[in-house]
Amino acid sequence: MADMDAFRDEIAHWAAGGTGDAAAELAADLGLRTAVLLEGPSDLAAVEALAAREDRDLTAEGVAVVSMGGAMSVGRYAGLLGPPGLGLRLTGLCDAREEPFYDRGWQRAGAVRDFHVCVADLEDEMIRALGPERVEEVIRSEDELRPWQTFLAQPAQHGRARQQQLRRFLSTRKGRKIRYGSLLVEALDTVRPPAPLADLLAGL
């Protein structure tokens with residue numbers, strides 16, 4: 001795991017304008033063949049949680065799951081990790097509104113279009129898959145019932161659908177989206193994961 005963390009650090013350094021020598025060396029040492037480009041750390045947490053749930057070791061499979069810090073960085077990361085750079089196969093996951101950034105990034109990198117699109121975002125997909133009641137159970141199990149009730153009492157939340165309220169709540173505190181990224185996957189039990197997430201893992 002430390003080697004994969006080191007690879008991610010080197011990729012971030014390279015994307016910020018550094019050299020790619022260390023990243024290339026780590027990619028070779030890890031035997032990487034595929035890079036999964038994700039918008040942010042909450043998506044990474046969900047992908048890793050689903051892989052663990054399916055007893056898969058993505059690093060051992062030669063898969064690097066990379067959080068880019070925003071969809072607008074996809075062109076840079078696709079170029080570094082895809083055919084023009086390390087030559088890895090590219091796949092990924094994005095929000096519907098960010099699909100044009102991914103399209104252009106794949107095209108500029110000369111990569112075959114291979115990424116999965118969430119209707120709104122991954123949190124929205126997870127809430128719809130689980131149902132609002134199950135998501136509220138997860139919130140209660142995390143001792144966040146009081147913050148949730150306080151949030152619902154805000155005038156801005158009156159009249160909004162429960163799914164919209166839950167989606168917004170997950171973004172109201174730093175680190176919450178990341179934590180719930182894995183918690184909601186763990187809560188799936190016998191529920192099929194959202195199609196974009198399930199299809200991403202199935203294609204690796």
Side-chain angles (χ1 to χ4, degrees), residues 1 4-5 7-16 20 23-24 26-27 30-54 56-126 128-129 167 170-171 177-178 180-182 184-185 188 192-204:
M1 189 64 176
M4 181 56 70
D5 288 338
F7 175 74
R8 289 170 178 154
D9 288 343
E10 288 299 332
I11 288 297
H13 172 72
W14 192 10
L26 284 166
L30 290 165
L32 296 182
R33 57 178 181 79
T34 300
V36 181
L37 302 185
L38 303 174
E39 293 185 44
S42 62
D43 298 330
L44 189 149
V47 170
E48 290 192 329
L50 184 58
R53 184 173 177 261
E54 296 181 357
R56 293 183 61 179
D57 183 342
L58 295 182
T59 300
E61 294 177 25
V63 177
V65 184
V66 178
S67 168
M68 302 179 296
M72 286 186 286
S73 298
V74 69
R76 177 70 172 152
Y77 277 81
L80 298 180
L81 295 168
L86 298 183
L88 304 180
R89 172 201 164 208
L90 298 179
T91 186
L93 187 72
C94 70
D95 304 345
R97 65 181 177 276
E98 313 297 2
E99 186 175 359
F101 292 111
Y102 269 59
D103 269 326
R104 288 194 292 271
W106 255 249
Q107 289 170 8
R108 285 201 297 267
V112 176
R113 189 187 192 276
D114 179 15
F115 57 85
H116 305 271
V117 182
C118 299
V119 171
D121 55 26
L122 186 53
E123 288 75 28
D124 176 69
E125 295 277 359
M126 291 298 303
R128 284 191 288 111
R167 183 178 168 223
L170 296 182
S171 302
K177 275 181 71 172
I178 299 172
Y180 279 87
S182 56
L184 296 182
V185 169
L188 286 168
R192 187 180 186 274
L197 184 58
D199 293 345
L200 172 68
L201 264 290
L204 295 178

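Please read all numbers here as calculations on a predicted model, not as lab measurements.
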| query | Quick one: does E61's side chain get under 4.5 Å of T34's, heavy atoms only? | reply | no

| request: Could you pull out the closest heavy-atom pair between A35 and L81, with the gap in Å? | output: CB-CD1, 3.9 Å

| request: Decide yes or no for M68 and L38: does some side-chain heavy atom of the first lie under 4.5 Å from some side-chain heavy atom of the second? | output: no

| request: Examine R104 relative to F101 and say whether NZ or CZ is less than 6.0 Å from the centre of the six-membered ring and inside a 45° cone about the ring axis. | output: yes

| said: Let me confirm one number: the CG-CG distance from L50 to L184, rounded to the nearest 0.5 Å. | reply: 12.5 Å

| field | Close side-chain approach of L93 to C118, heavy-atom, < 4.5 Å | value | yes

| field | Pairing of E39 and K177 as salt bridge, 4.0 angstrom limit | value | no

| remark: Scanning both residues in full, the closest heavy-atom pair of R192 with A195 reads NH1-CA, 3.6 Å

| How close do A23 and W14 get, heavy atom to heavy atom, and via which atoms? | CB-CE3, 4.0 Å

| said: To the closest 0.5 Å, what do you measure between CG (D121) and CZ (R167)? | reply: 4.0 Å

| request: Mind running side-chain contact (heavy atoms from CB on, under 4.5 Å) on L32 and M4 for me, showing each step along the way? | output: CA-CA 10 Å; L32 296 182; M4 181 56 70; 3.8 Å; yes

| said: Within the 4.5 Å heavy-atom criterion, are E10 and L26 side-chain neighbours or not? | reply: yes

| task | Would you mind reporting whether L122 and H116 have side-chain heavy atoms less than 4.5 Å apart? | result | no

| field | Closest heavy-atom pair and its distance - L204, L200 | value | CG-O, 3.3 Å

| task | Measure the spacing between CD1 of I178 and CG of L170 and express it to the nearest 0.5 Å. | result | 12.0 Å

| Close side-chain approach of L86 to I11, heavy-atom, < 4.5 Å | yes

| field | Polar side-chain atom of R33 near backbone of G62 as donor-acceptor pair, under 3.5 Å | value | no

| Do V47 and L44 have side chains that get closer than 4.5 Å, going by heavy atoms? | no

| query | When rounded to the nearest 0.5 angstrom, what distance separates CG in D95 from CG in D43? | reply | 6.5 Å

| query | P194 versus M126: any side-chain heavy-atom pair under 4.5 Å? | reply | yes

| message | Let's go through L201 and R56 carefully: what are the C-alpha distance in whole Å and the side-chain angles of both, what is the deciding distance for side-chain contact (heavy atoms from CB on, under 4.5 Å) to 0.1 Å, and is it a yes or a no? | response | CA-CA 10 Å; L201 264 290; R56 293 183 61 179; 4.0 Å; yes

| What closest approach, in Å, do Y77 and A12 show between heavy atoms, and which atom pair accounts for it? | OH-CA, 3.7 Å

| Gap separating the OH atom of Y180 from the OG atom of S171, nearest 0.5 angstrom | 12.0 Å

Please list every donor-acceptor pair under 3.5 Å in which a side-chain atom of residues 105-115 meets a protein atom from a residue at least two apart or in another chain.
from : atom 1 : to   : atom 2 : distance (Å)
W106 : NE1    : V112 : O      : 3.1
R113 : NE     : D103 : OD1    : 2.7
R113 : NH2    : E99  : OE2    : 2.4
D114 : OD2    : R89  : NE     : 3.4
D114 : OD2    : R89  : NH2    : 2.8

